[in-house]
Amino acid sequence: MSMTTQTASDLVIRVKEKFQQVFGDSATLTVRSPGRVNLIGEHTDYNHGFVLPAAVDKAIYMVVSRRSDDEVHLFSFDLDKAYTCSLNEIVPSGLHWPDYLLGVVQQLQALGLSPGGFNCVFGGEIPLGAGLSSSAALECATAFSLNELFGLGLDTLTMVKLSQKAENVFVGVQCGIMDQFASMFGRKGQVIRLDCQSLEYTYFPFRTEGIRIVLLDTQVKHSLASSEYNTRRQQCEAGVKLVQQHHPEVKSLRDVDAAMLSAYVAPADEVIYRRCSYVVEENARLLAATEDLLRGDIAAFGRQLYGSHEGLSKKYEVSCPELDFLVEKVRDREGVIGARMMGGGFGGCTINLVKDEAIDGLVEWITPLYRKAMDKELKAYIGQIEDGTSLV
Ligand code: GLA
(Lines give C-alpha, C1' and ligand atoms only; values in the text may rest on other atoms or scores of the structure.)
Protein backbone atom coordinates (compact mmCIF):
# COMPACT_ATOMS: atom_id res chain seq x y z
CA MET A 1 0.00 0.00 0.00
CA SER A 2 2.72 2.40 0.93
CA MET A 3 5.19 3.79 -1.54
CA THR A 4 8.46 1.97 -1.14
CA THR A 5 11.87 3.52 -1.77
CA GLN A 6 12.45 0.74 -4.28
CA THR A 7 9.66 2.03 -6.54
CA ALA A 8 10.75 5.64 -6.09
CA SER A 9 14.31 4.91 -7.16
CA ASP A 10 13.01 2.80 -10.08
CA LEU A 11 11.07 5.81 -11.23
CA VAL A 12 14.13 8.08 -11.01
CA ILE A 13 16.08 5.62 -13.15
CA ARG A 14 13.33 5.41 -15.73
CA VAL A 15 12.92 9.19 -15.91
CA LYS A 16 16.69 9.58 -16.36
CA GLU A 17 16.71 6.93 -19.10
CA LYS A 18 13.90 8.73 -20.85
CA PHE A 19 15.87 11.96 -20.65
CA GLN A 20 18.87 10.30 -22.26
CA GLN A 21 16.66 8.80 -24.96
CA VAL A 22 14.82 12.05 -25.77
CA PHE A 23 17.70 14.50 -25.51
CA GLY A 24 20.83 12.36 -25.78
CA ASP A 25 22.33 14.49 -23.09
CA SER A 26 23.80 13.41 -19.77
CA ALA A 27 24.88 16.71 -18.17
CA THR A 28 21.83 16.71 -15.99
CA LEU A 29 20.46 17.58 -12.61
CA THR A 30 17.68 15.64 -10.87
CA VAL A 31 15.21 17.06 -8.37
CA ARG A 32 12.62 15.37 -6.18
CA SER A 33 9.59 17.41 -5.19
CA PRO A 34 6.93 15.83 -2.98
CA GLY A 35 3.16 16.02 -2.65
CA ARG A 36 1.62 16.92 0.69
CA VAL A 37 -0.96 15.96 3.23
CA ASN A 38 -2.70 18.44 5.50
CA LEU A 39 -3.72 17.28 8.94
CA ILE A 40 -6.08 20.14 9.68
CA GLY A 41 -6.71 23.73 8.58
CA GLU A 42 -8.45 23.48 5.21
CA HIS A 43 -9.33 26.49 3.07
CA THR A 44 -7.71 28.65 5.70
CA ASP A 45 -4.48 29.53 3.86
CA TYR A 46 -5.96 32.12 1.49
CA ASN A 47 -7.86 33.56 4.45
CA HIS A 48 -4.57 34.30 6.24
CA GLY A 49 -5.20 31.55 8.78
CA PHE A 50 -3.23 28.50 9.91
CA VAL A 51 -2.50 25.17 8.21
CA LEU A 52 -0.80 21.97 9.39
CA PRO A 53 0.64 20.20 6.35
CA ALA A 54 3.57 17.83 5.78
CA ALA A 55 5.44 16.65 2.69
CA VAL A 56 4.97 12.97 1.82
CA ASP A 57 6.83 10.10 0.23
CA LYS A 58 5.07 10.48 -3.10
CA ALA A 59 6.92 12.86 -5.37
CA ILE A 60 7.67 14.20 -8.81
CA TYR A 61 11.14 13.62 -10.23
CA MET A 62 12.48 16.15 -12.69
CA VAL A 63 15.61 15.87 -14.79
CA VAL A 64 16.91 19.02 -16.50
CA SER A 65 19.89 20.24 -18.50
CA ARG A 66 20.88 23.52 -20.10
CA ARG A 67 20.47 24.20 -23.81
CA SER A 68 22.59 26.57 -25.82
CA ASP A 69 19.57 28.24 -27.45
CA ASP A 70 16.46 30.00 -26.11
CA GLU A 71 14.17 27.01 -26.29
CA VAL A 72 12.28 25.14 -23.63
CA HIS A 73 11.83 21.42 -24.37
CA LEU A 74 9.50 19.66 -21.95
CA PHE A 75 8.67 15.97 -21.82
CA SER A 76 6.08 14.32 -19.58
CA PHE A 77 7.18 10.78 -18.78
CA ASP A 78 3.73 9.76 -17.55
CA LEU A 79 1.87 11.09 -20.58
CA ASP A 80 4.67 10.30 -23.05
CA LYS A 81 4.17 13.73 -24.57
CA ALA A 82 6.49 16.54 -25.55
CA TYR A 83 6.05 20.30 -25.68
CA THR A 84 8.44 22.90 -27.03
CA CYS A 85 8.39 26.68 -27.00
CA SER A 86 10.68 29.69 -26.96
CA LEU A 87 11.72 31.58 -23.83
CA ASN A 88 10.75 34.74 -25.68
CA GLU A 89 7.14 33.67 -25.86
CA ILE A 90 5.91 31.96 -22.73
CA VAL A 91 2.14 31.66 -23.17
CA PRO A 92 -0.41 29.05 -21.99
CA SER A 93 0.10 25.86 -23.98
CA GLY A 94 -3.54 24.91 -24.42
CA LEU A 95 -2.53 21.46 -23.13
CA HIS A 96 -2.70 22.05 -19.39
CA TRP A 97 0.29 19.98 -18.20
CA PRO A 98 3.05 22.23 -19.62
CA ASP A 99 1.44 25.25 -17.97
CA TYR A 100 2.62 24.32 -14.47
CA LEU A 101 6.21 24.52 -15.72
CA LEU A 102 5.76 27.46 -18.08
CA GLY A 103 3.99 29.44 -15.36
CA VAL A 104 7.11 29.14 -13.21
CA VAL A 105 9.37 30.19 -16.09
CA GLN A 106 7.15 33.22 -16.63
CA GLN A 107 7.31 34.13 -12.93
CA LEU A 108 11.11 33.90 -12.97
CA GLN A 109 11.14 36.26 -15.94
CA ALA A 110 8.72 38.57 -14.12
CA LEU A 111 11.27 38.78 -11.29
CA GLY A 112 13.80 40.06 -13.84
CA LEU A 113 15.71 36.77 -13.93
CA SER A 114 16.82 35.17 -17.16
CA PRO A 115 16.84 31.40 -17.05
CA GLY A 116 18.31 30.07 -20.29
CA GLY A 117 16.88 27.44 -22.60
CA PHE A 118 16.57 23.98 -21.04
CA ASN A 119 15.56 20.37 -21.59
CA CYS A 120 13.30 18.72 -19.04
CA VAL A 121 11.76 15.31 -18.42
CA PHE A 122 9.55 14.73 -15.40
CA GLY A 123 7.59 11.82 -14.03
CA GLY A 124 5.64 11.31 -10.85
CA GLU A 125 4.10 8.90 -8.43
CA ILE A 126 1.67 11.39 -6.87
CA PRO A 127 -1.81 10.25 -7.87
CA LEU A 128 -3.35 13.01 -9.99
CA GLY A 129 -6.51 14.69 -8.78
CA ALA A 130 -6.26 12.92 -5.42
CA GLY A 131 -5.77 16.12 -3.47
CA LEU A 132 -2.08 15.46 -2.74
CA SER A 133 -1.01 18.53 -4.70
CA SER A 134 0.78 17.07 -7.65
CA SER A 135 0.46 20.47 -9.31
CA ALA A 136 2.31 22.28 -6.51
CA ALA A 137 4.97 19.57 -6.57
CA LEU A 138 5.46 20.12 -10.30
CA GLU A 139 5.73 23.89 -9.88
CA CYS A 140 8.18 23.53 -7.00
CA ALA A 141 10.23 20.98 -8.93
CA THR A 142 10.50 23.47 -11.81
CA ALA A 143 11.44 26.43 -9.60
CA PHE A 144 14.01 24.39 -7.69
CA SER A 145 15.52 22.82 -10.83
CA LEU A 146 15.89 26.10 -12.70
CA ASN A 147 17.27 27.84 -9.63
CA GLU A 148 19.98 25.18 -9.40
CA LEU A 149 20.60 24.86 -13.12
CA PHE A 150 21.08 28.58 -13.73
CA GLY A 151 22.42 29.59 -10.31
CA LEU A 152 19.59 32.08 -9.83
CA GLY A 153 20.29 32.43 -6.11
CA LEU A 154 16.65 32.31 -4.98
CA ASP A 155 15.81 31.44 -1.39
CA THR A 156 13.23 28.80 -0.59
CA LEU A 157 10.42 31.19 0.34
CA THR A 158 10.83 33.13 -2.90
CA MET A 159 10.56 29.87 -4.83
CA VAL A 160 7.41 28.98 -2.87
CA LYS A 161 5.80 32.32 -3.63
CA LEU A 162 6.61 32.29 -7.31
CA SER A 163 5.33 28.72 -7.66
CA GLN A 164 2.06 29.76 -6.02
CA LYS A 165 1.85 32.79 -8.29
CA ALA A 166 2.44 30.59 -11.34
CA GLU A 167 -0.66 28.64 -10.38
CA ASN A 168 -2.65 31.83 -9.69
CA VAL A 169 -1.86 33.74 -12.85
CA PHE A 170 -0.87 31.12 -15.41
CA VAL A 171 -2.97 28.08 -14.49
CA GLY A 172 -5.79 30.24 -13.13
CA VAL A 173 -6.47 28.64 -9.74
CA GLN A 174 -6.46 31.21 -6.94
CA CYS A 175 -4.83 28.76 -4.53
CA GLY A 176 -3.23 29.79 -1.26
CA ILE A 177 0.36 29.14 -0.24
CA MET A 178 -0.01 25.87 1.69
CA ASP A 179 0.77 23.28 -0.98
CA GLN A 180 3.88 24.92 -2.37
CA PHE A 181 5.08 25.75 1.14
CA ALA A 182 4.70 22.16 2.33
CA SER A 183 6.32 20.73 -0.79
CA MET A 184 9.40 22.96 -0.37
CA PHE A 185 9.70 23.22 3.42
CA GLY A 186 8.68 19.65 4.35
CA ARG A 187 10.81 17.80 6.88
CA LYS A 188 10.93 14.08 7.57
CA GLY A 189 8.71 13.06 10.46
CA GLN A 190 7.46 16.60 11.10
CA VAL A 191 4.30 18.55 10.40
CA ILE A 192 4.54 22.27 9.74
CA ARG A 193 2.28 24.74 11.49
CA LEU A 194 2.26 27.66 9.13
CA ASP A 195 0.72 31.02 9.91
CA CYS A 196 -0.37 32.11 6.43
CA GLN A 197 -0.57 35.73 7.55
CA SER A 198 2.96 36.25 8.88
CA LEU A 199 4.44 33.17 7.14
CA GLU A 200 5.99 32.20 10.47
CA TYR A 201 6.23 28.45 10.76
CA THR A 202 7.05 25.86 13.37
CA TYR A 203 7.87 22.19 12.91
CA PHE A 204 6.11 19.72 15.20
CA PRO A 205 7.24 16.14 15.42
CA PHE A 206 4.36 13.92 14.38
CA ARG A 207 5.11 11.58 17.26
CA THR A 208 2.19 9.28 17.38
CA GLU A 209 3.33 5.89 18.51
CA GLY A 210 1.58 3.13 16.59
CA ILE A 211 -0.58 5.48 14.53
CA ARG A 212 -0.30 6.13 10.83
CA ILE A 213 -1.77 8.48 8.29
CA VAL A 214 -3.95 6.50 5.90
CA LEU A 215 -5.29 8.17 2.77
CA LEU A 216 -8.43 6.76 1.24
CA ASP A 217 -8.72 7.89 -2.35
CA THR A 218 -12.30 8.22 -3.58
CA GLN A 219 -11.04 8.09 -7.17
CA VAL A 220 -13.30 11.05 -7.82
CA LYS A 221 -11.20 13.57 -9.71
CA HIS A 222 -11.84 16.99 -8.34
CA SER A 223 -12.91 18.52 -11.62
CA LEU A 224 -15.24 21.08 -10.03
CA ALA A 225 -12.45 22.15 -7.81
CA SER A 226 -10.96 25.10 -9.66
CA SER A 227 -14.20 26.94 -10.39
CA GLU A 228 -15.78 26.23 -6.99
CA TYR A 229 -12.46 26.96 -5.30
CA ASN A 230 -12.31 30.44 -6.80
CA THR A 231 -15.97 30.98 -5.83
CA ARG A 232 -15.24 30.07 -2.18
CA ARG A 233 -12.41 32.52 -2.18
CA GLN A 234 -14.66 35.28 -3.48
CA GLN A 235 -17.31 34.44 -0.89
CA CYS A 236 -14.77 34.81 1.90
CA GLU A 237 -13.67 38.14 0.47
CA ALA A 238 -17.32 39.25 0.32
CA GLY A 239 -17.66 38.37 4.03
CA VAL A 240 -14.59 40.43 4.87
CA LYS A 241 -16.05 43.42 2.96
CA LEU A 242 -19.28 43.20 4.98
CA VAL A 243 -17.35 43.26 8.25
CA GLN A 244 -15.06 46.06 7.02
CA GLN A 245 -18.04 48.41 6.74
CA HIS A 246 -18.09 48.41 10.55
CA HIS A 247 -14.47 47.52 11.29
CA PRO A 248 -12.26 49.12 8.66
CA GLU A 249 -9.18 47.75 10.40
CA VAL A 250 -10.14 44.16 9.44
CA LYS A 251 -7.98 42.83 6.60
CA SER A 252 -8.98 39.17 6.31
CA LEU A 253 -11.05 36.51 8.07
CA ARG A 254 -8.09 36.10 10.41
CA ASP A 255 -9.15 39.37 12.09
CA VAL A 256 -12.81 38.37 12.29
CA ASP A 257 -14.62 36.60 15.14
CA ALA A 258 -17.95 34.82 15.50
CA ALA A 259 -19.66 37.88 17.00
CA MET A 260 -18.71 40.04 14.00
CA LEU A 261 -20.05 37.41 11.64
CA SER A 262 -23.39 37.18 13.47
CA ALA A 263 -23.73 40.96 13.62
CA TYR A 264 -22.70 41.95 10.10
CA VAL A 265 -22.64 38.94 7.78
CA ALA A 266 -25.55 36.74 8.91
CA PRO A 267 -28.23 39.41 8.28
CA ALA A 268 -26.78 40.20 4.83
CA ASP A 269 -26.15 36.79 3.30
CA GLU A 270 -26.74 33.36 4.74
CA VAL A 271 -24.38 31.48 2.39
CA ILE A 272 -21.50 33.88 2.92
CA TYR A 273 -22.15 33.67 6.65
CA ARG A 274 -21.80 29.88 6.60
CA ARG A 275 -18.61 30.01 4.54
CA CYS A 276 -17.01 32.57 6.85
CA SER A 277 -18.07 30.82 10.06
CA TYR A 278 -16.46 27.65 8.85
CA VAL A 279 -13.15 29.46 8.27
CA VAL A 280 -13.18 31.22 11.65
CA GLU A 281 -14.02 27.93 13.41
CA GLU A 282 -11.41 25.96 11.47
CA ASN A 283 -8.66 28.31 12.59
CA ALA A 284 -9.69 27.85 16.21
CA ARG A 285 -9.89 24.08 15.67
CA LEU A 286 -6.38 24.00 14.28
CA LEU A 287 -4.95 25.86 17.25
CA ALA A 288 -6.74 23.53 19.65
CA ALA A 289 -5.61 20.51 17.63
CA THR A 290 -1.93 21.54 17.78
CA GLU A 291 -2.28 21.82 21.56
CA ASP A 292 -3.77 18.32 21.59
CA LEU A 293 -0.85 17.05 19.55
CA LEU A 294 1.70 18.68 21.85
CA ARG A 295 -0.03 17.18 24.89
CA GLY A 296 0.04 13.82 23.15
CA ASP A 297 -3.77 13.62 23.29
CA ILE A 298 -4.27 11.96 19.94
CA ALA A 299 -7.90 11.06 20.66
CA ALA A 300 -8.73 14.76 21.09
CA PHE A 301 -6.75 15.54 17.95
CA GLY A 302 -8.82 12.97 16.07
CA ARG A 303 -12.07 14.58 17.22
CA GLN A 304 -10.90 17.88 15.72
CA LEU A 305 -10.53 16.10 12.38
CA TYR A 306 -14.18 15.02 12.46
CA GLY A 307 -15.15 18.57 13.40
CA SER A 308 -13.21 19.87 10.43
CA HIS A 309 -14.97 17.47 8.07
CA GLU A 310 -18.38 18.43 9.37
CA GLY A 311 -17.62 22.09 8.69
CA LEU A 312 -16.16 21.45 5.25
CA SER A 313 -19.15 19.34 4.27
CA LYS A 314 -22.06 21.32 5.76
CA LYS A 315 -20.88 24.89 6.00
CA TYR A 316 -18.18 25.28 3.38
CA GLU A 317 -19.82 22.71 1.07
CA VAL A 318 -16.68 21.46 -0.64
CA SER A 319 -17.20 17.75 0.10
CA CYS A 320 -18.97 15.19 -2.09
CA PRO A 321 -21.04 12.04 -1.36
CA GLU A 322 -17.99 9.77 -1.72
CA LEU A 323 -15.90 11.75 0.80
CA ASP A 324 -18.83 11.98 3.22
CA PHE A 325 -19.44 8.25 2.91
CA LEU A 326 -15.85 7.37 3.77
CA VAL A 327 -15.71 9.66 6.79
CA GLU A 328 -19.08 8.48 8.11
CA LYS A 329 -18.22 4.82 7.73
CA VAL A 330 -14.89 4.91 9.55
CA ARG A 331 -16.17 7.05 12.41
CA ASP A 332 -17.15 4.12 14.65
CA ARG A 333 -14.55 1.73 13.39
CA GLU A 334 -12.19 0.31 16.00
CA GLY A 335 -8.67 1.72 15.63
CA VAL A 336 -9.66 4.85 13.68
CA ILE A 337 -8.73 7.98 15.62
CA GLY A 338 -10.03 10.62 13.24
CA ALA A 339 -10.90 11.29 9.61
CA ARG A 340 -11.82 14.11 7.28
CA MET A 341 -11.70 15.12 3.65
CA MET A 342 -8.39 16.66 2.68
CA GLY A 343 -7.37 19.45 0.30
CA GLY A 344 -9.55 21.58 -1.94
CA GLY A 345 -12.43 19.08 -1.98
CA PHE A 346 -15.03 17.74 -4.45
CA GLY A 347 -13.10 14.49 -4.63
CA GLY A 348 -9.62 13.31 -3.81
CA CYS A 349 -8.75 11.67 -0.50
CA THR A 350 -9.84 11.46 3.06
CA ILE A 351 -7.06 11.59 5.62
CA ASN A 352 -7.43 9.06 8.44
CA LEU A 353 -5.41 8.51 11.58
CA VAL A 354 -5.43 4.79 12.16
CA LYS A 355 -3.77 2.44 14.63
CA ASP A 356 -1.17 0.28 12.91
CA GLU A 357 -2.85 -3.01 13.69
CA ALA A 358 -6.21 -1.77 12.37
CA ILE A 359 -5.05 -0.58 8.94
CA ASP A 360 -5.30 -3.80 6.92
CA GLY A 361 -8.67 -4.68 8.41
CA LEU A 362 -10.00 -1.22 7.72
CA VAL A 363 -9.00 -1.28 4.06
CA GLU A 364 -10.35 -4.81 3.53
CA TRP A 365 -13.62 -3.87 5.19
CA ILE A 366 -14.27 -0.53 3.53
CA THR A 367 -13.19 -1.33 -0.04
CA PRO A 368 -16.21 -3.55 -0.88
CA LEU A 369 -18.58 -1.26 1.04
CA TYR A 370 -17.38 1.66 -1.04
CA ARG A 371 -17.60 -0.32 -4.27
CA LYS A 372 -21.17 -1.31 -3.49
CA ALA A 373 -22.31 2.15 -2.46
CA MET A 374 -20.45 4.26 -5.02
CA ASP A 375 -19.60 1.83 -7.82
CA LYS A 376 -15.98 2.92 -7.68
CA GLU A 377 -12.71 1.28 -6.72
CA LEU A 378 -11.18 2.70 -3.56
CA LYS A 379 -7.43 3.16 -3.30
CA ALA A 380 -5.50 3.37 -0.07
CA TYR A 381 -2.06 4.79 0.67
CA ILE A 382 -0.06 5.19 3.81
CA GLY A 383 1.22 8.75 4.07
CA GLN A 384 4.84 8.76 5.22
CA ILE A 385 6.14 12.18 6.17
CA GLU A 386 9.30 13.00 4.24
CA ASP A 387 11.64 15.87 3.37
CA GLY A 388 10.68 18.66 0.99
CA THR A 389 12.02 19.49 -2.47
CA SER A 390 15.71 18.69 -2.90
CA LEU A 391 18.37 17.49 -5.30
CA VAL A 392 18.48 13.74 -5.78
C1 GLA B 1 -5.85 23.46 -2.41
C2 GLA B 1 -5.06 24.76 -2.51
C3 GLA B 1 -4.46 25.17 -1.15
C4 GLA B 1 -5.52 25.14 -0.06
C5 GLA B 1 -6.34 23.84 -0.11
C6 GLA B 1 -7.50 23.87 0.84
O7 GLA B 1 -5.00 22.40 -2.12
O8 GLA B 1 -4.04 24.65 -3.46
O9 GLA B 1 -3.86 26.43 -1.26
O10 GLA B 1 -6.35 26.27 -0.14
O11 GLA B 1 -6.84 23.57 -1.41
O12 GLA B 1 -7.07 23.96 2.14
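In this chain, residues are counted from 1 in sequence order.
- At a cut-off of 3.5 Å, with distance as the only test, no side-chain donor of Gln234 or Asn230 sits close to an acceptor on the other residue.
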Quick one: do Arg187 and Glu386 satisfy salt bridge (charged side-chain N to carboxylate O under 4.0 Å, His left out)? Show the steps, please.
CA-CA 6 Å; Arg187 228 185 238 179; Glu386 291 295 338; over 6 Å; no
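- Under 4.0 Å is where a charged nitrogen must lie from a carboxylate oxygen, and between Glu228 and Arg232 at least one such pair does.
- Side-chain atoms of Asn283 and Thr44 form no donor-acceptor pair, as typed in the model, at a separation below 3.5 Å.
- With no hydrogens or angles considered, no side-chain donor-acceptor pair links Ser308 and Glu42 at under 3.5 Å.
- Between Asp70 and Ser86, the side chains place no donor N or O within less than 3.5 Å of an acceptor N or O (distance only, hydrogens not considered).
- For residues 26-37, the salt bridge (charged side-chain N to carboxylate O under 4.0 Å, His left out) pairs, not counting sequence neighbours, are Arg36-Asp179.
- A donor-acceptor contact closer than 3.5 angstrom is absent between the side chains of Asp255 and His247.
- Judged as a salt bridge (charged side-chain N to carboxylate O under 4.0 Å, His left out), not a single pair has a partner in residues 156-176 (not counting sequence neighbours).
- When only modelled atom types and interatomic distance are considered, Gln304 and Arg340 share no side-chain donor-acceptor pair under 3.5 Å.
- Counting only N and O atoms by type, the side chains of Arg233 and Gln174 include no donor and acceptor under 3.5 Å apart.
- Remark: Glu71 engages Arg67 in a salt bridge (charged side-chain N to carboxylate O under 4.0 Å, His left out) (not counting sequence neighbours).
- Side-chain contact annotation: Asp78 with Ser76, donor-acceptor N/O pair under 3.5 Å absent.
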